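A short write-up of the structure that comes next.
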Amino acid sequence: SVDPMTYEAQFLGFTPQTCMLRIYIAFQDYLFEVMQAVEQVILKRLDGIPDSEISPVQIRKCTEKFLCFMKGRFDNLFSKMEQLFLQLILRIPPNILLPEDKCQETHPYTEKEFQLLQKEIEQLQEKYKTELYTKQALLTELEEQKIVQAKLKQMLTFFDELENVGRGHGISDFRESLVSLVQNSKRLQNIRDNVEKEGK
Amino acid sequence: FDEIIVDIATKRKQYPRKILECVIKTIKAKQE
Amino acid sequence: TISRVKLLDTMVDTFLQKLVAAGSYQRFTDCYKRFYQLQPEVTQRIYDKFVTQLQTSIREEVSEIKEEGNLEAVLNALDKIVEEGKDHREPAWRPSGIPERDLCSVMAPYFLQQRNTLQRRVQKQEAENQQLADAVLAGRRQVEELQRQVQARQQAWQGLHREQRELLAVLRE
């Protein structure tokens with residue numbers, strides 16, 4: 001049931017429990033060291049008193065008695081402090097989101113929604129590709145139209161030039177001239193026929 | 001256990017961004 | 001609100017006060033009773049030194065831990081994040097434990113940007129293609145018109161050619 005406090009670890013770079021364990025061990029070491037120093041000082045003092053009738057073993061027992069008591073109080077106090085640390089200092093409140101996870105708040109996406117988004121993007125990509133193909137086809141046709149129009153216009157110009165040729169020789173309109181020519185030749189033919197007939 | 005937690009938490013902090021960078025690179029290359 | 005760094009210092013001080021209170025001089029002398037009876041002043045000095053040394057050592061250790069983990073900066077940063085998010089009442093998001101699932105939201109902004117960009121491109125291309133299509137249709141109409149004109153001129157000349165043949169026939173007669 002221990003809360004691994006992984007979210008805090010993500011922010012702190014270490015787990016709060018590790019931090020507290022480190023502090024606990026350091027504090028405890030200092031307690032032991034200081035007590036050891038106290039015992040050393042007392043023993044040294046006793047050396048200076050020849051008839052003290054207190055043996056080092058007895059002093060050791062005194063030290064153990066005091067240390068045992070202190071250790072009990074130490075553990076008790078430290079566990080309380082640890083709880084406070086873990087609740088108030090080395091803890092990210094439940095309503096708080098770390099900056100690097102802001103996107104989870106602003107863009108919460110389930111896997112399903114995300115797949116839909118990806119599918120939508122694929123469809124858009126296909127559509128874009130289609131539009132590009134369409135553009136290419138339209139541009140190609142426009143090019144062809146240009147060529148065809150140029151050719152057709154060239155033909156019209158050719159016809160104009162033909163007519164201009166006639167006009168240059170005084171023939172405004174080929175058709176009319178031909179028609180009149182045909183009519184005249186028919187009339188001539190008729191006249192000729194008449195003349196022959198009358199000659200006979 | 002503790003080291004695993006820190007390791008995973010560190011990866012969870014760093015990897016999403018790295019993965020996103022890779023995805024972006026991949027998509028750009030694909031588009032090109 | 002009190003900063004976490006200040007809170008930490010306060011807690012350590014409280015811890016030390018209570019620890020020292022627990023290890024009172026009375027208790028110290030009770031444990032070292034015979035030495036105390038023999039050397040009361042020395043005992044007092046040793047006890048005072050014990051208390052001072054314990055406090056100093058522990059405080060130094062706390063400072064060292066703060067420096068080592070850059071703890072003050074980290075805790076101040078946490079204060080700031082908490083302050084900025086204090087209006088957010090609901091429980092915030094937490095990792096689901098399934099990386100793939102959590103990754104979706106990380107990737108979403110980029111993909112949304114991709115989608116928006118593509119949408120804009122498609123719309124732009126559609127508009128451009130619409131214009132091109134209009135131009136193509138107009139071009140087709142022009143081609144048709146030109147074809148019609150050419151056909152008309154061609155037929156006219158063919159008609160002329162027939163009449164020419166007819167003339168030849170008449171003339172030959």
Side-chain angles (χ1 to χ4, degrees), chain A residues 7 12 23 26-27 30-31 34 38 41-42 45 52 54 62 65-66 69-70 73-74 77 81 84 88-89 93-97 99 101 103-105 107-109 111 114 117 120-121 124-125 127-128 131 134-135 138 141-142 145 148-149 152-153 155-156 159 174-175 178 181-182 185-186 189, chain C residues 4 7-8 11 15 18-19 22-23 28 31-32 34-35 38-39 42 46 50 53-54 57-58 61 65 74 81-82 85 88-89 91-94 101 104-106 108-109 111 114-115 118-119 121-122 125-126 129 132-133 135-136 139 142-143 146-147 149-150 153 160 163-164 166-167 170-171:
Chain A
Y7 205 50
L12 297 168
I23 295 173
F27 282 13
Y30 281 124
L31 178 61
V34 171
V38 163
V41 168
I42 290 176
R45 286 293 175 157
S52 68
I54 303 175
C62 297
K65 183 179 173 187
F66 184 68
F69 170 77
M70 286 296 282
R73 298 298 294 152
F74 175 90
L77 288 168
M81 184 175 74
L84 288 174
L88 299 176
I89 297 177
N95 65 320
I96 296 301
L97 189 66
D101 292 326
C103 58
Q104 299 293 351
E105 189 180 47
H107 297 263
Y109 261 74
E111 280 178 278
F114 190 67
L117 177 60
E120 192 181 348
I121 286 174
L124 279 170
Q125 276 170 341
K127 196 168 182 189
Y128 186 54
E131 288 300 325
T134 306
K135 175 184 176 182
L138 290 168
E141 174 157 351
L142 277 178
Q145 282 183 3
V148 167
Q149 283 180 11
L152 289 171
K153 283 175 181 170
M155 290 175 80
L156 286 175
F159 281 128
F174 267 125
R175 177 185 313 293
L178 267 181
L181 201 57
V182 167
S185 60
K186 276 181 182 170
Q189 224 169 14
Chain C
R4 282 178 162 70
L7 199 55
L8 185 147
M11 283 187 188
F15 168 80
K18 290 189 176 185
L19 186 62
F28 187 76
C31 292
Y32 289 99
R34 294 194 53 193
F35 181 74
L38 198 64
Q39 296 271 339
V42 172
I46 289 174
F50 159 73
Q53 188 58 39
L54 183 61
S57 305
I58 284 181
E61 177 62 18
I65 288 175
V74 169
I81 292 171
V82 169
H88 191 270
R89 296 270 176 247
W93 174 86
R94 283 297 181 269
R101 181 183 299 171
C104 292
S105 300
V106 175
F111 276 79
Q114 279 281 302
R115 186 192 64 182
L118 271 173
Q119 275 173 345
R121 276 191 188 165
V122 165
Q125 196 57 57
E126 279 175 342
N129 285 355
L132 283 177
V136 163
Q142 279 178 19
V143 166
L146 287 172
Q147 277 176 332
Q149 289 178 15
V150 165
R153 305 289 284 272
L160 211 57
E163 286 173 8
Q164 192 183 22
E166 192 179 321
L167 174 61
V170 167
L171 289 176

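Predicted model, so just to flag it, every value in this text is computed and none were measured. Residue numbering restarts at 1 for every chain, and letters A, B, ... go by the order of the sequence lines.
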- Message: If you apply the rule side chain to side chain contact (heavy atoms under 4.5 Å, CB included), what do you find for A:Leu156 with C:Val150, and how did you get there?
- Response: CA-CA 6 Å; A:Leu156 286 175; C:Val150 165; 3.8 Å; yes
- Are A:Arg45 and C:Phe35 close enough, and set up right, to give a side chain to side chain contact (heavy atoms under 4.5 Å, CB included), and what steps lead you there? CA-CA 10 Å; A:Arg45 286 293 175 157; C:Phe35 181 74; 4.0 Å; yes
Who wins among [options] for the most heavy-atom pairs under 4.5 Å with chain A?
options: C:Leu118, C:Asn129, C:Val122, C:Val143; answer: C:Asn129
options: C:Gln119, C:Gln53, C:Arg89, C:Arg94; answer: C:Arg94
options: C:Ile65, C:Val82, C:Val136, C:Val74; answer: C:Val136

- Query: Do C:Phe111 and A:Tyr109 have their ring centres less than 6.0 Å from each other?
  - Reply: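 No - the distance between ring centres of C:Phe111 and A:Tyr109 does not fall below the 6.0 Å cut-off.
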Measure [X] against the heavy atoms of chain C and call it side chain, backbone, both or neither at under 4.5 Å.
X: A:Phe114; value: side chain
X: A:Tyr128; value: both
X: A:Tyr7; value: side chain
X: A:Ile23; value: both
X: A:Glu111; value: both
X: A:Glu120; value: side chain
X: A:Glu141; value: side chain

- Query: At their closest point, which heavy atom of A:Pro99 faces which heavy atom of C:Ile81, and how far apart are they?
  - Reply: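 So the two residues come closest at CD-CD1, 3.6 Å.
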- Task: Identify the heavy atoms of C:Arg4 and A:Pro93 that sit nearest to each other, and give their distance.
- Result: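 That closest heavy-atom pairing would be NH2-CD, 4.0 Å.
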- Item | Interatomic distance, C:Leu132 atom CG to A:Thr134 atom OG1 [nearest 0.5 angstrom] |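 Reported value, rounded in 0.5 Å steps: 10.0 Å.
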- Largest heavy-atom contact set with chain C, pairs under 4.5 Å, which of A:Leu142, A:Val34, A:Val148: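 If we count pairs closer than 4.5 Å to chain C, A:Val34 comes out on top.
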- Against chain C, work out which of A:Ile42, A:Val41, A:Val38 has the most heavy-atom pairs shorter than 4.5 Å and name it.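 Among the listed options, the one with the most contacts to chain C is A:Ile42.
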- Query: What part of C:Leu54 gets closer than 4.5 Å to chain A, counting heavy atoms only: side chain, backbone, both or neither?
  - Reply: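 When you check distances to chain A, atoms from both the backbone and side chain of C:Leu54 fall under 4.5 Å.
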- Task: For side chain to side chain contact (heavy atoms under 4.5 Å, CB included), just list the numbers for A:Gln145 and C:Gln142, CA-CA rounded to whole Å, side-chain angles, deciding distance to a tenth of an Å, and then say yes or no.
- Result: CA-CA 9 Å; A:Gln145 282 183 3; C:Gln142 279 178 19; over 6 Å; no
- Presence of salt bridge, A:Lys127 and C:Glu126, under 4.0 angstrom: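 Judged by the 4.0 Å cut-off on N to carboxylate O distance, C:Glu126 and A:Lys127 do form a salt bridge.
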- Count the heavy atoms of every other residue, nucleotide or ligand shown that sit under 6.0 Å from CZ of C:Arg101, and state whether that count exceeds 12.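 Atom CZ in C:Arg101 is not packed in, count stays at 12 or less.
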